[in-house]
Amino acid sequence: MRAVPSVPSRSLGRVQELHDAPLAPLTTFRLGGPATRLITATTDEEVIAAVREADDSGAPLLLIGGGSNLVIGDKGFDGTALRIATRGFSLDGTRLELAAGEVWTDAVGRTVEAGLAGIECLAGIPGSAGATPIQNVGAYGQEVSSTITEVIAYDRRARETVTIPNAECAFSYRHSRFKADPGRHVVLRVRFELEDAQGLSAPVKYAETARALGVEPGDRVSLAVARETVLKLRSGKGMVLDPEDHDTWSAGSFFTNPVLTHEEFAAFHARVKELLGADAEPPAYAAGDGHTKTSAAWLIDKAGFTKGYGTGPARISTKHTLALTNRGGATTEDLLALAREVVAGVREAFGITLVNEPVTVGVSL
Ligand SMILES: Cc1cc2nc3c(=O)[nH]c(=O)nc-3n(C[C@H](O)[C@H](O)[C@H](O)COP(=O)(O)OP(=O)(O)OC[C@H]3O[C@@H](n4cnc5c(N)ncnc54)[C@H](O)[C@@H]3O)c2cc1C
């Protein structure tokens, strides 16, 4: 594939099509080679037509929303990249429907302005509304699985538009049926049921948020204050996009928090004592079914990869151990080399293999 300046080759209505189109500018890492073809669709009909055309021709298809959870290989994508840029925000009482291409954090801001609770702690998460069900986006004690009622998607296997109720989305921590069966469902719209709590937030669940707000977990605060507090906490960790700040040229958390069985946790716990001393205690949170979740950031830090680690153009964020970042001029290979070094170091220290959170395209860890 040649990396040449992209040229518009066709314009059908508002559909825009480019060839040898750079994908790096469409990602928050600003990494990755070009796509053979890039289509930008602004209506559901355009999305479905582009997907059908790619499927009929047998061309591989890559769906792109805000590009904030994508690691695209340096060789790019040999197929059709479809950028979903549909728009639509509709509120009916407490029922919210978002088109897949809506900017998620802006939509959250509008629900807060409307006095509705349930997604206010998800403010500042980059990307599109349509991608939120894919990894069950979550932060600061909220996950979209708690408020999503239905996902409307084009099912590429059945070749029809389907409505998938929450109970059939198989949501779990940073996972869903959509992530398990990648590419099958093209999310068109997402429906949510929010709460009219008279301008108050949902009960604050996360200890760090409660501390910052000066309340107890379970208390409610003003919706606007909850949103602003989360945004402030996120900014301090480089978790709100800022083009001037390389700490945000990332995909947010690069690794998921490991969820361990009882036996795995016991072995890990013993290893921590052996390595860090009898008083050392790893973070541990009940994760259901006898499982325990520990902190990937803690593991990385204790394995010696502290904030700012690295000497090349890909380094650990200076604000958060869990974010791998492009300092400018990095390649995807630079990023992956750093990621592999971190995985190997954590495995050697603690016997735990970290799993990447962002979706990789044409490359693997
Ligand atoms: C600074 C920063 C902070 C972040 N903080 C958080 C956080 O707190 N919590 C969290 O959960 N995530 C976080 N993320 C990760 C990311 O923002 C989310 O996963 C977000 O939902 C990705 O949306 P996107 O539109 O950018 O998806 P993309 O990166 O464009 O795509 C991600 C995946 O979803 C697929 N996809 C995209 N749109 C659709 C669609 N309409 N239908 C079907 N598949 C689709 C893509 O093919 C790809 O597999 C953060 C990222 C950054 C850069």
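Every number for a ligand or one of its atoms is a count from 1 in the order of the listing.
For a threshold of 3.5 Å applied to N or O pairs, the pair formed by R234 and ligand 1 contains at least one separation below that value. Ligand 1 has a nitrogen or oxygen under 3.5 angstrom from a nitrogen or oxygen of G66. Any N or O atom pair closer than 3.5 Å counts here, and T248 shares no such pair with ligand 1. For ligand 1, the polar-atom distance check finds an N/O of V187 within less than 3.5 Å of one of the ligand's N/O atoms. In terms of polar-atom proximity, S128 is counted as a contact of ligand 1, with an N or O under 3.5 Å from an N or O of the ligand. In terms of N/O distances under 3.5 Å, ligand 1 is not approached by L62. Looking at N69 next to ligand 1, an N or O pair under 3.5 Å apart turns up.
Not close to ligand 1: K179, with no non-hydrogen atom less than 4.0 angstrom away. Contact annotation: G67 has at least one heavy atom less than 4.0 Å from an atom of ligand 1.
Taking all heavy atoms of S317, A323, A81, A251 into account, the minimum distance to atom 14 (N) of ligand 1 is reached by A251. For the residues P126, G238, C121, the heavy atom positioned nearest atom 20 (C) of ligand 1 is part of P126. When the heavy-atom distances from atom 7 (C) of ligand 1 to A99, G252, G138 are ranked, the shortest goes to G138.
Residue contacts with ligand 1, taken as heavy atom pairs separated by less than 4.0 Å, involve I134 solely via side-chain atoms from C-beta onward. Of all the heavy atoms of V137, the ones lying under 4.0 Å from any atom of ligand 1 are found in both the backbone and the side chain. Residue contacts with ligand 1, taken as heavy atom pairs separated by less than 4.0 Å, involve H185 solely via the backbone atoms N, CA, C and O. At a 4.0 Å heavy-atom cut-off, ligand 1 touches L63 through backbone and side chain alike.
Distance from atom 19 (O) of ligand 1 to its nearest protein heavy atom, with residue and atom name: Q135 NE2, 2.9 Å. At the top of the distance list for atom 31 (O) of ligand 1, counting protein heavy atoms only, stands L70 CG, 3.9 Å. Given atom 33 (C) of ligand 1, the protein heavy atom at minimum distance is V359 CG2, 4.0 Å. Shortest contact from atom 39 (C) of ligand 1 to any protein heavy atom: G130 O, 4.2 Å. Closest to atom 30 (O) of ligand 1 among all protein heavy atoms lies G65 N, 2.7 Å. Atom 23 (O) of ligand 1 has its closest protein heavy atom at A131 CB, 3.2 Å. Distance from atom 17 (O) of ligand 1 to its nearest protein heavy atom, with residue and atom name: S68 OG, 2.8 Å.
Annotation: side chain of N257 is not in contact with side chain of L299 (no heavy-atom distance under 4.5 Å). In this structure the side chain of E97 never reaches within 4.5 angstrom of the side chain of F192, judged on heavy atoms. Side chains of F255 and L322 form a contact here, defined as non-hydrogen atoms less than 4.5 Å apart. For the pair E168/R177, a side-chain contact is recorded, criterion being any heavy-atom separation below 4.5 Å from C-beta on. The side-chain heavy atoms of V51 and L61, taken from C-beta on, include a pair separated by under 4.5 Å.
With Y309 as reference, I316 is the one residue of I300, T318, I316, L324 to meet the side chain to side chain contact (heavy atoms under 4.5 Å, CB included) rule.
Side-chain polar atoms of T149 and N166 form no donor-acceptor pair below 3.5 angstrom. Of the N and O atoms on the side chains of R327 and T325, at least one donor lies less than 3.5 Å from an acceptor on the other residue.
In this structure, CZ on R211 lies 11.0 Å from CD on E216, to the nearest 0.5 angstrom.
Proximity to T28 (heavy-atom distance under 4.0 Å) selects the following atoms of ligand 1: 53 (C). Near A139, meaning under 4.0 Å from any of its heavy atoms, are these atoms of ligand 1: 8 (O). Taking every heavy atom of I84 and a limit of under 4.0 angstrom, the matching atoms of ligand 1 come to 40 (C), 41 (N). Residue-ligand proximity, M239 to ligand 1, at heavy-atom distances under 4.0 Å covers atoms 1 (C), 3 (C). Heavy-atom proximity to S250, at under 4.0 Å, picks out these atoms of ligand 1: 1 (C), 53 (C). Listed by number with element, the atoms of ligand 1 under 4.0 Å from a non-hydrogen atom of R174 are 11 (O). Below 4.0 Å from some heavy atom of I125 lie the following atoms of ligand 1, by number and element: 6 (C), 7 (C), 8 (O), 9 (N), 13 (C), 17 (O). Listed by number with element, the atoms of ligand 1 under 4.0 Å from a non-hydrogen atom of G127 are 23 (O), 24 (P), 25 (O), 26 (O).
Side chain of R315 to backbone of D247: no donor-acceptor contact under 3.5 angstrom is found. In this structure, the side chain of D245 does not engage the main chain of D242 through any donor-acceptor pair within 3.5 Å. One N or O on the side chain of D74 and one on the backbone of T332 form a donor-acceptor pair closer than 3.5 Å. In terms of modelled atom types and a separation under 3.5 Å, the side chain of E120 and the main chain of G118 share a donor-acceptor contact. Of the possible donor and acceptor atoms, one in the side chain of H291 sits under 3.5 Å from a partner among the backbone N and O of D289.
Under 4.0 Å is where a charged nitrogen must lie from a carboxylate oxygen, and between R220 and E195 at least one such pair does.
Figure legend: R110 and F89 shown as a cation-pi pair, the cationic atom lying under 6.0 angstrom from the six-membered ring centre and within 45 degrees of its axis. In this structure, K293 forms a cation-pi arrangement with Y173, its terminal cationic atom sitting closer than 6.0 Å to the ring centre and no more than 45° off the ring axis.
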